[in-house]
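For reference, positions follow the sequence shown, starting with 1.
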Amino acid sequence: MKISFNMDSRLWRFFDYVGDLATLNLLFIVTSIPIVTIGASVTAMDSVFFKRKEKRTDDVKKEFMRDFKANFKNSTIIWLIFLVFVVTCGLNFVYISNTNPDNRNLLMTVMGALLAVMFMTVLYSFALQARFDNDLLTTVAKAFVIGVMSLPYTIVIFLILTAAVVASIQSYASIMAAAAIWLLIGFALAGNLCCMMFYRAFRRFTRKEDLPEDTIDEEMYTMREQYKEQKKLKNRR
């Protein structure tokens with residue numbers, strides 16, 4: 001069997017991809033250790049994946065740290081608000097568990113739905129923060145709208161994250177294996193898969209002028225124009 005040592009071969013591109021995942025995974029873990037910085041870490045990782053897809057970055061380490069610093073303030077605010085919401089939901093769950101059984105299931109369902117919507121909004125907020133330049137309130141508002149209007153992609157994102165967690169806690173052996181994978185490339189791999197969905201979800205809402213000046217990805221706004229034409233034809237009928 002012949003092995004190609006061409007730097008443009010699929011084999012080397014795969015090694016390059018795995019190397020970038022390992023690098024980003026390590027950076028994400030290190031910058032997330034203070035807990036309060038997780039939002040900025042997720043945003044920085046999303047930004048690198050977007051740029052990598054468009055071949056606008058060669059050094060993922062420099063890009064990650066640059067984007068981490070650039071988005072630190074807004075991403076941290078969003079993350080802290082989410083943490084407060086999660087803690088509040090946790091306290092409410094404890095309180096609800098001691099209420100009348102007739103109302104317990106309904107209240108639990110409502111709280112779970114609110115938590116899911118909040119989680120969706122936060123994930124899309126980080127991706128939008130990484131992709132576009134908006135103020136904080138605009139980012140959060142658009143995140144909620146796009147998340148709802150792109151429900152199929154949102155569901156896939158939830159399935160990816162849920163499957164990753166469930167697969168990691170099936171048994172003692174799976175926990176040990178999952179711990180090794182998460183430490184090596186797990187966070188970055190899950191982030192990359194989610195960014196693929198975010199990228200597709202953003203297409204129909206993105207104008208050419210909204211894209212970074214150095215982007216080479218024509219598909220983003222071409223797909224949006226096609227969607228607009230299809231919508232016009234549908235309305236005419």
Next item on the list: Of all the heavy-atom pairs spanning I146 and A201, show the shortest one and how long it is.
Entry: CG2-O, 4.2 Å
Note to self: Less than 3.5 Å apart, any donor N or O on the side chain of Y124 or T139 sitting next to an acceptor on the other?
What the structure shows: no
Item checked: Heavy-atom closest pair, residues T76 and A40 -> OG1-CB, 4.3 Å
Notebook entry, point to check: Do T138 and D135 have a side chain donor and acceptor closer than 3.5 Å?
Noted result: yes
Notebook entry, point to check: Can you name the closest pair of heavy atoms from V166 and Q170 and give their distance?
Noted result: O-NE2, 2.8 Å
Margin query: So does A188 get a backbone contact from the side chain of N25, meaning a donor-acceptor N/O pair under 3.5 Å?
Written below: yes
Check: Do L183 and V42 belong together in a cluster built from hydrophobic side chains that touch within less than 4.5 Å?
Finding: yes
Check: When rounded to the nearest 0.5 angstrom, what distance separates CE in M196 from CD1 in I157?
Finding: 12.0 Å
Next item on the list: Any chance you could measure F28, atom CZ, to I185, atom CD1, to the nearest 0.5 Å?
Entry: 14.5 Å
Item checked: Side-chain touch L115/M111, heavy atoms, less than 4.5 angstrom -> no
Check: In Å and rounded to the nearest 0.5 Å, what is the CG to CG distance from N92 to L114?
Finding: 9.5 Å
Checklist line | Over all atoms of both residues, closest heavy-atom pair of A130 and S47 | finding: CB-N, 3.5 Å
Next item on the list: Just say parallel, tilted or perpendicular for the rings of F126 and W79, cut-offs at 30° and 60°.
Entry: tilted
Note to self: Using the rule given for side-chain contact (heavy atoms from CB on, under 4.5 Å), can you reason through L161 versus L123, listing the C-alpha separation, both sets of side-chain angles and the distance that settles it, and then say yes or no?
What the structure shows: CA-CA 11 Å; L161 297 177; L123 287 179; 3.8 Å; yes
Notebook entry, point to check: So, S75 side chain and F72 main chain: donor-acceptor pair closer than 3.5 Å or not?
Noted result: no
Note to self: Quick check: do V86 and F82 have side-chain heavy atoms less than 4.5 Å from each other?
What the structure shows: yes
Margin query: Is any side-chain heavy atom of Y17 closer than 4.5 Å to one of R52?
Written below: yes
Checklist line | Beyond-backbone contact of F205 with L128, side-chain heavy atoms, under 4.5 angstrom | finding: no
Checklist line | Heavy-atom closest contact (I29 atom, W182 atom, distance) | finding: CD1-O, 4.1 Å
Margin query: Assigning hydrophobic clusters by single linkage (Ile, Leu, Val, Met, Phe, Trp, Tyr; side-chain heavy-atom cutoff under 4.5 Å), is V165 placed with I181?
Written below: no
Note to self: Can you tell me how the ring of F202 sits relative to the ring of F50, calling it parallel under 30°, perpendicular over 60° and tilted otherwise?
What the structure shows: tilted
Check: Same hydrophobic cluster for V30 and V48, using side-chain heavy-atom links shorter than 4.5 Å among ILVMFWY?
Finding: no
Margin query: Can you tell me how far apart CG (L27) and CD (E63) are? Round to the nearest 0.5 Å.
Written below: 12.0 Å
Note to self: Please report the interatomic distance CD1(I38) to CG(L83), rounded to the nearest 0.5 Å.
What the structure shows: 7.0 Å
Notebook entry, point to check: Within a strict 4.5 Å, meaning less than it, do heavy atoms of the F187 and L24 side chains meet?
Noted result: no
Check: Without hydrogens or angle criteria, can the side chains of T37 and T31 be said to hold a donor-acceptor pair below 3.5 Å?
Finding: no
Next item on the list: Measure the shortest side-chain to side-chain distance between F64 and T23 over non-hydrogen atoms and say whether it is less than 4.5 angstrom.
Entry: no
Notebook entry, point to check: Under 3.5 Å, is there a donor-acceptor pair between the N71 and T43 side chains?
Noted result: no
Check: Cluster question for you: counting only ILVMFWY and a side-chain heavy-atom cut-off of under 4.5 Å, with indirect links fine, are M65 and V60 together?
Finding: yes
Next item on the list: Indicate if F132 and V148 have the same hydrophobic cluster label, given that clusters are the connected sets of ILVMFWY residues with side-chain heavy-atom separations under 4.5 angstrom.
Entry: yes
Note to self: Taking the side chain as everything from C-beta on, heavy atoms only, tell me whether I81 gets closer than 4.5 Å to M118.
What the structure shows: yes
Notebook entry, point to check: With side chains defined as the heavy atoms from C-beta onward, is the minimum distance between F144 and M120 less than 4.5 Å?
Noted result: yes
Margin query: How long is the straight-line distance from CG of D46 back to NZ of K51, given to the nearest 0.5 Å?
Written below: 12.0 Å
Item checked: Closest heavy-atom pair and its distance - A164, S168 -> O-OG, 2.6 Å
